[in-house]
Amino acid sequence: ETVWCCEGLQSATLNCSESSNPFPESEVTDSLTLTFDSLDNVSLCIAWLSNLLLANIHISEIHTVKRVDWQDAWKAYWKPTRITSKLWICPSWETLPESVMPQHLITLDPGSAFGTGDHPTTRMMLAGIETLVEREPKSTQYPWLDVGTGSGILSIYAVELGCMHVEGIDTDAVAIQQATQNKNLLLPEKGSRLSLSQKTLQSYRENHFYVLLINIFASVIQTMAPE
């Protein structure tokens, strides 16, 4: 394994053309895309990479990319979203179209936590919660556990649909902080029905839950299964 380290170099992508070259005996030209935090060390870094790769590297193009604060820039691409026939999710910085009057509306700011409602698995989970409550109303009277709660979106919707006791857990302190803010904003009168914490799944060994909400990677679920 080779570790590339050059002052000012932020990323390097090597695009090899050898596999698609129809004339193996001819000279193969590969492209290398480099990203720098400034142009101060470009020449020095190019010389260093040429020596490392035992190849002559020539600069063909230089583009200046505007620095973007991606922590907030992504918000421009997230718009009000219809999840089911009854539920819409609206970013806290957007306004729902006047023509839309959903039965349930979640105005959300996920921060850096997972759970905008836009991801296919999150959509499926929200629709599943809705269907379960409709088909089995008594389920709202028993405890639910939301593992990896993220922004708290699943727990919040469960409470909105009538669940009396939901616990949301996440190992990420930032996620719990954001979920708590969303809970306080969206459940001012029902907030006592939702508990959020950084407890581990193992700490619930002696507890019984009617529903487990787990919207995380399958590999992580497999690791957690013995707990």
Side-chain angles (χ1 to χ4, degrees), residues 71 74 78 81 83-92 102-227:
Q71 185 171 352
W74 65 271
W78 185 32
T81 306
I83 304 300
T84 70
S85 61
K86 298 181 179 180
L87 172 64
W88 275 70
I89 294 178
C90 183
S92 59
Q103 184 174 341
H104 298 287
L105 172 64
I106 295 180
T107 302
L108 191 71
D109 184 352
S112 59
F114 180 80
T116 62
D118 203 35
H119 192 277
T121 60
T122 309
R123 285 172 173 263
M124 291 172 60
M125 294 288 289
L126 290 167
I129 293 171
E130 193 176 280
T131 300
L132 175 61
V133 171
E134 289 176 353
R135 294 181 178 178
E136 200 173 338
K138 70 173 185 178
S139 64
T140 61
Q141 304 304 308
Y142 300 102
W144 290 34
L145 179 63
D146 180 11
V147 181
T149 191
S151 67
I153 188 172
L154 300 182
S155 294
I156 289 170
Y157 193 43
V159 172
E160 178 66 24
L161 292 178
C163 290
M164 300 304 296
H165 179 64
V166 181
E167 295 206 29
I169 59 175
D170 203 299
T171 58
D172 186 352
V174 175
I176 292 299
Q177 181 181 10
Q178 193 63 49
T180 300
Q181 292 179 9
N182 290 325
K183 164 191 165 180
N184 295 337
L185 174 66
L186 297 167
L187 303 172
E189 299 179 359
K190 303 176 183 178
S192 60
R193 300 183 187 179
L194 174 57
S195 300
L196 298 165
S197 71
Q198 284 184 263
K199 290 182 180 179
T200 62
L201 184 60
Q202 193 169 12
S203 66
Y204 289 96
R205 278 185 177 276
E206 304 301 321
N207 297 74
H208 298 279
F209 293 94
Y210 194 79
V211 176
L212 287 179
L213 302 173
I214 309 179
N215 185 28
I216 53 181
F217 289 116
S219 58
V220 178
I221 296 177
Q222 290 176 339
T223 302
M224 294 167 50
E227 300 182 30

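Bear in mind the structure is a predicted one, so any value in this text is a computation, not a measurement. Side-chain atoms are counted along with the backbone in the values below, which use heavy atoms only and exclude waters and symmetry mates.
Taking every heavy atom of both residues into account, Gly150 and Ala179 meet most closely at O-CB, 3.5 Å. Val133 approaches Leu161 most closely through the heavy-atom pair CG1-O, 3.7 Å. The two residues Ser155 and Gly168 come nearest to each other via the heavy atoms OG-CA, 4.1 Å. Ile176 approaches Gln198 most closely through the heavy-atom pair CG1-CG, 3.9 Å. Considering all non-hydrogen atoms of both residues, Ser203 and Thr200 come closest at OG-O, 2.5 Å. The two atoms that bring Thr107 and Ser92 nearest to each other are CG2-CA, 3.6 Å, heavy atoms only.
Using modelled atom types, one side-chain atom of Trp144 and one backbone atom of Ser139 make a donor-acceptor pair closer than 3.5 Å. Between the side chain of Lys183 and the backbone N or O of Leu194, at least one donor-acceptor pair lies under 3.5 Å. The closest donor-acceptor contact from the side chain of Lys86 to the backbone of His104 lies at 3.5 Å or more, if one exists at all.
Side-chain contact between Met125 and Tyr157 is absent, with no heavy-atom pair separated by less than 4.5 Å. With contacts defined as side-chain heavy-atom distances shorter than 4.5 Å, the pair Leu145/Asn207 does not qualify.
The CE atom of Met124 sits 11.0 Å away from the OG1 atom of Thr131 when rounded to the nearest 0.5 Å. For the atom pair CG of Leu196 and OG1 of Thr180, the computed distance is 4.5 Å after rounding to the nearest 0.5 Å.
Using a 3.5 Å distance cut-off with no hydrogens or angles, the side chains of Ser151 and Asn182 do not pair a donor with an acceptor.
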